[in-house]
Amino acid sequence: MSAPAARPDPPNAAIAALFDELADLYELDGASIHRVLAYRNAAKTVREAPRSIAALTREGRVTSLPGIGKTLEEKVTALLETGSIPAVEKLRARFPQGLVEMTRLPGLGPKKARTLFHELGVDGLEALRLAAEQEQLRDVKGFGAKFEASVLAALDAGLGGALAPRVLLHKALPIAEGIVEALRAHPAADKVELAGSARRRADSCKDLDIIATASDPAALIAAFGELDVIESVSGVPGQNAAKARTHTGMPVDLKVVAPDQFGNLLQHFTGSKLHNVSLREAAVRKGLHVSEYGLLDDATGQTHRCSTEHEVYERLGLPWIPPELRENRGELALTDAGGVPVLIEHADLVGDLHMHTTASDGRNSVEQMAEAARARGLQYIAITDHSATHGFGKHVTPDDLRRQIERVREVDAALEGIEVLIGTETNILTDGSPDYPDELLAELDWVMGSLHTAFGHEPTRRLVTACEHPWIDCIGHPTGRKIESRPPYDVDMEQVIDTAVRTQTMLEINSAPDRRDLNDIHARAARDAGARIVVDSDAHGTNTLGITVWGIATARRAWLTKADVANTLPWAQFAPLRKRATAKR
DNA sequence: GCCGTTTTCGGCCCGACTGTTTTCAGTCG
C-alpha cells in the first residue's frame, strides 16, 4: 500500500461548513432536532475556534471543545485522512442541493421541503415554482392554496438561495441610537433601550430591537411611525408593538412593555440566542423557567417579573453580564460581580499607532492629523503611510520615507501636547520580508507590517516571518477579513499568535468598521496567550480618527480590560514595550 | 449527537404565529 498523499489541512471554516451542511441534510432526513442542533452547535464552535481544528484532532484533543464528541471527532478524522466525510457523501446523494435552497424561503422548512420532494419530486426552486403555478402543492396533505401563494410571492420577491443582507454596526448603530434618542424625548416615554445585536456591538446587524415603557404606549408607537428615518410601519395586533422599516431597508421592532417586565424583555431581546438558550438550560437545573415574560419558579408556581435586567440575572444567581459578552462563550460561568471583567472603554485609549496622510492614500497632512488627534485628547500618534509596493495609491519610496521622517520630526517639534511619531505600514512581501531596507526601518519609531497583496500566497508563513523580523513592531489587520464581503486569509492564527508572543510583536485590532481585525475571538485568544494588543484607527483622514470606537467594541467583545491593550499606556510606558526598544542591537 | 451537583441514559429553552386543521405540526425568532 502506498503512503497517502500529503493533503493540506482543511481550514476551520471548511469543516464548519461541512457540519452545517450535515445539519441541513440530517434535518431533511428527518433526524431528531437535537441531533441536528448538535451539528449546528458544533459548526459554530469550529467556526469560532481560535485553534486549528485539524491540528487539535491529530493531537486527540478536539473533544475538549464544547459540543464536539466522539462521533464528530471521527468525522473530522475521516476528513483529514480521506478528504471527505462518508455521511456527507451519502446524504448528498439522497437529497439534491436545491432542497436546502428551498428551506431558505420563509415558511418553508426542512419538513415541508422533504414532503414536497417525496410526494411531488420537487427538487429545487425552479420545480417548486412550476408546481405552485400549476396548483399541484395544494394536493399534498398539509398544504393549501395560501401556501402556494406565499411560495410564489417569496420567489417573485427574489428570496431563496440568498441570505438576507446584514448591516455593518457602524451603519446600524447610529440609526438605532437616533431612534432611541427621539423616543426618549417623547413625553409619553419612560424607559427606552436598544436591545439585540446592536446592543451587543456585534460585527453586523440583521435588524434593530428597541424596548420601551411608556405612560401612553399608543402615543409612543404613533410617534415612532412618524420618525423621519422610518419608511413604513405596521402595528402588531393585540400588542403594544410595531414593526417598521427604515428608508435604508433595515427592519426595526419597537416593543412597549409593562414597567414590571422591562427587565425580562430587555434581557430576552438582547440575546444572543445561544446565550439565552444556555441561560434557560442553566435556569431549568435550578427549577426556574426563563421567558421574555418573567421567571417561573417550579417550587412556588409563581412567575416573577423583573423591572430591571440586573434583577433577571440576580434571580438566576448570576452577576449582570455586559451585553458584549452575551455570546455563550463562558460568561455564564461567572459566579459573582467580582469575576466580571471591567471592560476597556474608548476613553482609555491615549495613543493611535496606525494612520495615513497625503504621503500615501490619506486625505490630510501630518499637521492636520496631529492637530485633530490632539483635539481628541490623544497623547501620541504614529504616522504610518503605506510603503513602496502597496500596489495602489502613491508609492512611498525609501527616499520619500526619509523626507517624511524629517517632516514628522518637524511637526512633532512644533506641536505641543502630543507626541508625533514616524512609522510606516510596510507591505509584507511574498517571502515574508518588509519592503523597505532594514536600515531605514531602524530609523523609525514604529513599524506596522501588513499583508496587502497575494493573500492566497502562504499568509501564515509570511506573518510568522514578519513577526520574526527585528524591526516590525506590530502586525496590522492580521486576518484581512472584510465583514460581510471578504473572508479572512487562510491564516493559522494560533501560529501567528504564538510567534507574536515569543517575538514580542504586537497584534492590532484594526478599527475600520468593515475590518475589526483581529476579531473578538482572535483578540481574546491573543490576550489569553500573552500577546500585546493595540487598538488603532487606520484613519485615512482627520474625520475617521474616532472610528476606534469600533475597535474598542471588538476589544470589549473579546473580554479585554484596559490593562490588556498597550496603547492605553502613556508613551513613556508604551515606548519600552516596542520590540525595537528591547531587541539586541 | 452531546452531556453529567439528575453522570453512561434520558433528557436536551421558550413562546408566538401560520395555515391547515378539528387539536396540531411546522416554522420562526
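In what follows, chains are A, B, ... by sequence order, proteins preceding strands, each numbered from 1.
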Inset, instruction - Assign each of A:Tyr39 and A:Ser291 to its nearest nucleotide of DNA chain B by heavy atoms, then name whichever residue's nucleotide is nearer the 5' end. - result: A:Tyr39
Show each protein N/O and nucleotides 9-11 of chain B N/O combination with a separation under 3.5 Å, one pair to a line.
none

Inset, instruction - Identify whether any heavy atom of A:Val277 sits under 4.0 Å from a base atom; if not, whether one sits that close to sugar-phosphate; answer base, sugar-phosphate or nothing. - result: base
Inset, instruction - Ignoring the backbone of A:Phe147, work out which of B:dC14, B:dT20, B:dG1 is nearest its side chain. - result: B:dT20
Legend entry - A:Tyr293, nearest nucleotide to its side chain (from B:dG1, B:dG15, B:dC14): B:dG15
Inset, instruction - Mind checking A:Val36 for me? I need base, sugar-phosphate or nothing, with any heavy atom below 4.0 Å counting as a touch. - result: nothing
Legend entry - Under the side chain to side chain donor-acceptor pair (under 3.5 Å) test, residues paired with A:Asp9 that sit two or more places apart: A:Arg58
Legend entry - C1'-based separation of B:dT6 from B:dG15 [nearest Å]: 26 Å
Legend entry - Watson-Crick or G-U wobble partner of B:dC28, both distances under 3.5 Å: B:dG15
Legend entry - Interatomic distance at P, B:dT20 relative to B:dT27, whole Å: 13 Å
Legend entry - Distance, rounded to the nearest Å, where A:Lys243 contributes NZ and B:dC17 contributes P: 10 Å
Inset, instruction - From the options B:dG15, B:dT20, B:dG1, select the nucleotide whose nearest atom is closest to the side chain of A:Lys146. - result: B:dT20
Inset, instruction - Rounded to the nearest angstrom, tell me the gap between atom NZ in A:Lys70 and atom P in B:dT8. - result: 19 Å
Legend entry - Inter-nucleotide P distance (B:dC12, B:dG19), Å rounded: 31 Å
Inset, instruction - Could you verify whether a donor N or O on one side chain and an acceptor N or O on the other, from A:Asn264 and A:Glu309, lie under 3.5 Å apart? - result: no
Inset, instruction - Take the protein atom CG of A:Asp297 and the nucleotide atom C1' of B:dC14, then report the distance between them rounded to whole Å. - result: 17 Å
Legend entry - Lys/Arg-Asp/Glu bridge criterion (N-O < 4.0 Å) met for A:Asp520, A:Arg329: yes
Legend entry - Selection from B:dT20, B:dC13, B:dG1 that lies nearest to any side-chain heavy atom of A:Tyr26: B:dG1
Legend entry - Any A:Thr71 side-chain nitrogen or oxygen under 4.0 Å from OP1 or OP2 of B:dC2: yes
Legend entry - Short N-O contact, A:Arg285 and A:Glu281, less than 4.0 angstrom: no
Inset, instruction - Say whether A:Asp492 and A:Ser52, considering side chains only, have a donor N or O and an acceptor N or O under 3.5 Å apart. - result: no
Inset, instruction - Provide the distance between the two P atoms, one in B:dC17 and one in B:dG11, to the nearest whole Å. - result: 30 Å
Legend entry - Distance-only donor-acceptor check, side chains A:Arg326 and A:Ser272, under 3.5 Å: no
Legend entry - Per-nucleotide protein contact string for nucleotides 24-29 of chain B, where B marks a base within reach and S marks sugar-phosphate only (heavy atoms under 4.0 Å, - for neither): --SSSB
Legend entry - Separation of atom CD1 in A:Ile33 from atom P in B:dC14, rounded to whole Å: 16 Å
Legend entry - Length of the CG-C1' vector between A:Leu152 and B:dG19, whole Å: 16 Å
Inset, instruction - For a salt bridge (charged side-chain N to carboxylate O under 4.0 Å, His left out) with A:Asp203, tell me which candidate from A:Arg481, A:Lys171, A:Lys482 qualifies. - result: A:Arg481
Legend entry - Nearest-Å distance for atom pair NZ/C1', residues A:Lys255 and B:dA16: 11 Å
Inset, instruction - Compare side-chain N and O positions of A:His289 against OP1 and OP2 of B:dC14 and report whether any pair is under 4.0 Å apart. - result: yes
Legend entry - Aromatic ring pairing A:His118/A:Phe95, orientation class (parallel under 30°, perpendicular over 60°, tilted between): tilted
Inset, instruction - Provide the distance between the two P atoms, one in B:dC14 and one in B:dC9, to the nearest whole Å. - result: 26 Å
Legend entry - A:Ile483 backbone acceptor or donor facing A:Arg486 side chain under 3.5 Å: no
Inset, instruction - Look at all strands and tell whether A:Leu72 reaches a base, only sugar-phosphate, or nothing, counting heavy atoms closer than 4.0 Å. - result: sugar-phosphate
Legend entry - Donor + acceptor pair across side chains of A:Tyr39, A:Glu27 (<3.5 Å): no
Inset, instruction - Could you tell me the separation between the CD atom of A:Gln267 and the P atom of B:dC13, rounded to a whole number of Å? - result: 16 Å
Inset, instruction - Quote, to the nearest angstrom, the P distance that separates B:dA16 from B:dT21. - result: 24 Å
Legend entry - Polar side chain donor-acceptor pair, A:His275 to A:Glu331, under 3.5 angstrom: yes
Legend entry - Length of the CG-P vector between A:Asn264 and B:dG15, whole Å: 12 Å
Legend entry - Among B:dG1, B:dC14, B:dC13, the nucleotide that comes nearest once only the side chain of A:Glu281 is considered: B:dC13
